[in-house]
Chemist: 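Structure below; questions to follow.
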2 protein chains.
Amino acid sequence: MAERKPYHHGDLKRVLVEASRALVSEKGAAQFSVAQAARQAGVSTAAPYRHFRDREEMLDAVARDGLERLAERFRLVTGGLELGSVEAILRIGLAYIDFAVGDPAVFRLMFAELQQKSDGTCDAGEACHMHLLCHVAARMGRAEVDEEVFAAGLPLWTMVHGIAFLKLDGKFGEDCMPVALEPILRNAVERLLPGAP
Amino acid sequence: MAERKPYHHGDLKRVLVEASRALVSEKGAAQFSVAQAARQAGVSTAAPYRHFRDREEMLDAVARDGLERLAERFRLVTGGLELGSVEAILRIGLAYIDFAVGDPAVFRLMFAELQQKSDGTCDAGEACHMHLLCHVAARMGRAEVDEEVFAAGLPLWTMVHGIAFLKLDGKFGEDCMPVALEPILRNAVERLLPGAP
DNA sequence: AACATCATGTAAGTGGCTCTAACATGGAAT
DNA sequence: ATTCCATGTTAGAGCCACTTACATGATGTT
């Protein structure tokens, strides 16, 4: 019988984040409620407030979790590819869009306006951005990510971000895909990025 | 004395939309409440439900209003410019971003996930998109907006949309503007769009 | 081993919110 | 004048965020 109510539950915080993530994923951040997350975790509705200041801090935790998972995906899809190759940059863009389509509500939350976003969440977002910029820098033959690299990566980053959001908003017609994405992206990468050395 | 409580208030619906817009603009859609909007309009908290099915339908009305105002801006900034000129397309993009920065919360709402978006709101959004696509079509020497025009406009539309959102999310550093936007946009327009005939 | 402490849980309560139901009012149609 | 209906009100059910006061048990001290 492994089922014995543990002394003080163990790591409720993690369980709550997971429950929150599921709820957001299912119903959207707007419908998310602390009370439901608590019930899902099998604790009283007051328990979450021992681990999170308020509802928003719980959502922030879900956002951060999402950003970290996105960064992990970037690592996965570019594994083994040459730093700064068109292929690698393309894969990052596609992974980004894939994530958005796969878990729209969480993706929205990751880029939503929170009154006060924790430092950890900001860092997690920054890490995602940096992953792209490193490849852009390599493609430009730069050793580090400076202003110029940032400027060069901007149109790509924003374009992919825009595609992701417009897809979520159903702005792409019925089946959500009237045109093939990959060639458009590849074309953009090749045209927008300063050529390799 | 112009202050006499009118028989049945006149056009409460319009007043409520305006109040809602102000509230959303000020506090964000998440903090918006039907009750507050009603109080702001000077009616009971139940009154709004004579004009809107629920809270979401009120937000939808605010979104629609925003989309219509955006379309109006497009008309303004392209007035007198040649159809299909780089200048016109550029102005549309800048107006888009300008709107986003000027009223972030409403802009977010305009592209937010609503459970059920009214047809009117969809149409208003479509009108905005079409405004851009008409210029793109003209630039490509096409008489009408077909699949190819759509595909050509996609990277631009998405890029601008992405810039707007990333700006709102403060992803552009402290002062919200580490690089000049216009040259980047102009560059993108000139490189991405098939040349004029 | 006995005890104090502190993190982490619960129960109960406050005030606000969404939305509904039953009723009120007055403008417009007959 | 009478009726009807759109539009307003009051009252209330049910949910939620968050707080306060209390409970419990793991941990470190003596």
Side-chain angles (χ1 to χ4, degrees), chain A residues 2-63 105 109 112-118, chain B residues 3-24 26-63 105 109 112-118:
Chain A
E3 284 309 309
R4 276 194 56 239
K5 269 261 177 72
Y7 45 108
H8 260 234
H9 188 293
D11 55 351
L12 178 55
K13 187 162 185 173
R14 171 187 299 277
V15 174
L16 280 174
V17 171
E18 182 51 37
S20 301
R21 187 169 77 86
L23 281 177
V24 168
S25 200
E26 210 175 309
K27 309 248 204 174
Q31 319 298 323
F32 162 81
S33 91
V34 176
Q36 277 179 41
R39 280 193 286 273
Q40 189 118 348
V43 294
S44 77
T45 60
Y49 294 95
R50 293 289 172 201
H51 299 274
F52 303 93
R53 191 167 350 123
D54 53 18
R55 188 186 113 107
E56 203 169 83
E57 201 170 285
M58 292 185 76
L59 288 176
D60 182 77
V62 173
L109 183 59
E113 161 196 55
L114 295 197
Q115 307 276 39
Q116 11 107 41
K117 200 168 286 191
S118 73
Chain B
E3 284 310 310
R4 277 195 56 241
K5 268 261 177 72
Y7 45 107
H8 261 225
H9 188 292
D11 55 352
L12 179 55
K13 187 163 185 174
R14 169 186 300 279
V15 174
L16 280 174
V17 171
E18 182 51 38
S20 301
R21 188 170 77 83
L23 281 177
V24 168
E26 211 175 308
K27 309 246 203 175
Q31 319 298 323
F32 163 82
S33 91
V34 176
Q36 277 179 40
R39 279 193 287 273
Q40 190 119 348
V43 294
S44 77
T45 61
Y49 294 93
R50 292 292 171 199
H51 299 274
F52 304 94
R53 189 167 352 121
D54 52 18
R55 187 187 114 107
E56 204 169 81
E57 201 171 287
M58 292 185 75
L59 288 175
D60 183 77
V62 173
L109 183 58
E113 161 197 55
L114 296 198
Q115 307 277 40
Q116 10 106 42
K117 201 168 286 191
S118 73

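So that the names make sense, note that chain A is the first sequence line, chain B the second, and so on, each numbered from 1.
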Chemist: Nearest heavy-atom pair of S20(A) and M58(A): which atoms, and what distance?
Modeler: OG-CE, 3.4 Å
Chemist: Run the side-chain contact (heavy atoms from CB on, under 4.5 Å) check on V34(B) and Y49(B) step by step: do they pass?
Modeler: CA-CA 9 Å; V34(B) 176; Y49(B) 294 93; 3.9 Å; yes
Chemist: In chain order, what residues pass the side-chain hydrogen bond (donor to acceptor under 3.5 Å, both in side chains) check against R53(B), with sequence neighbours excluded?
Modeler: E57(B), Q116(B)
Chemist: In whole Å, I'd like the distance from the CD atom of E57(A) to the C1' atom of dA17(D).
Modeler: 14 Å
Chemist: Less than 4.0 angstrom between a side-chain N/O of H51(A) and OP1 or OP2 of dG9(C), yes or no?
Modeler: yes
Chemist: Tabulated below should be each protein N or O lying under 3.5 Å from an N or O of nucleotides 15-21 of chain C; please produce it.
Modeler:
| unit_1 | atom_1 | unit_2 | atom_2 | d |
| --- | --- | --- | --- | --- |
| dC17(C) | OP1 | R39(B) | NH2 | 3.3 |
| dC17(C) | OP2 | R39(B) | NH2 | 3.3 |
| dT18(C) | OP1 | V34(B) | N | 2.7 |
| dT18(C) | OP2 | V34(B) | N | 3.4 |
| dT18(C) | OP2 | A35(B) | N | 3.0 |
| dC19(C) | OP2 | Y49(B) | OH | 3.2 |
| dC19(C) | OP2 | R55(B) | N | 2.8 |

Chemist: Rounded to whole angstrom units, what separation is found between the CG atom of D11(B) and the P atom of dT7(D)?
Modeler: 11 Å
Chemist: With rounding to the nearest 0.5 Å, note down the distance linking OG in S33(B) to CZ in R39(B).
Modeler: 6.0 Å
Chemist: Rounded to whole Å, how long is the line connecting atom CZ of R14(A) with atom P of dT8(C)?
Modeler: 15 Å
Chemist: Quick one, F52(A) and L16(A) - any side-chain contact, counting heavy atoms below 4.5 Å?
Modeler: yes
Chemist: Rounded to whole Å, how long is the line connecting atom CZ of F52(A) with atom P of dA17(D)?
Modeler: 14 Å
Chemist: Please find the pair of heavy atoms, one from A61(B) and one from V17(B), that lie closest to each other, and give the distance.
Modeler: CB-CG2, 4.0 Å
Chemist: In this structure, how many angstroms lie between the C1' atom of dC18(D) and the CG atom of L59(A), rounded?
Modeler: 15 Å
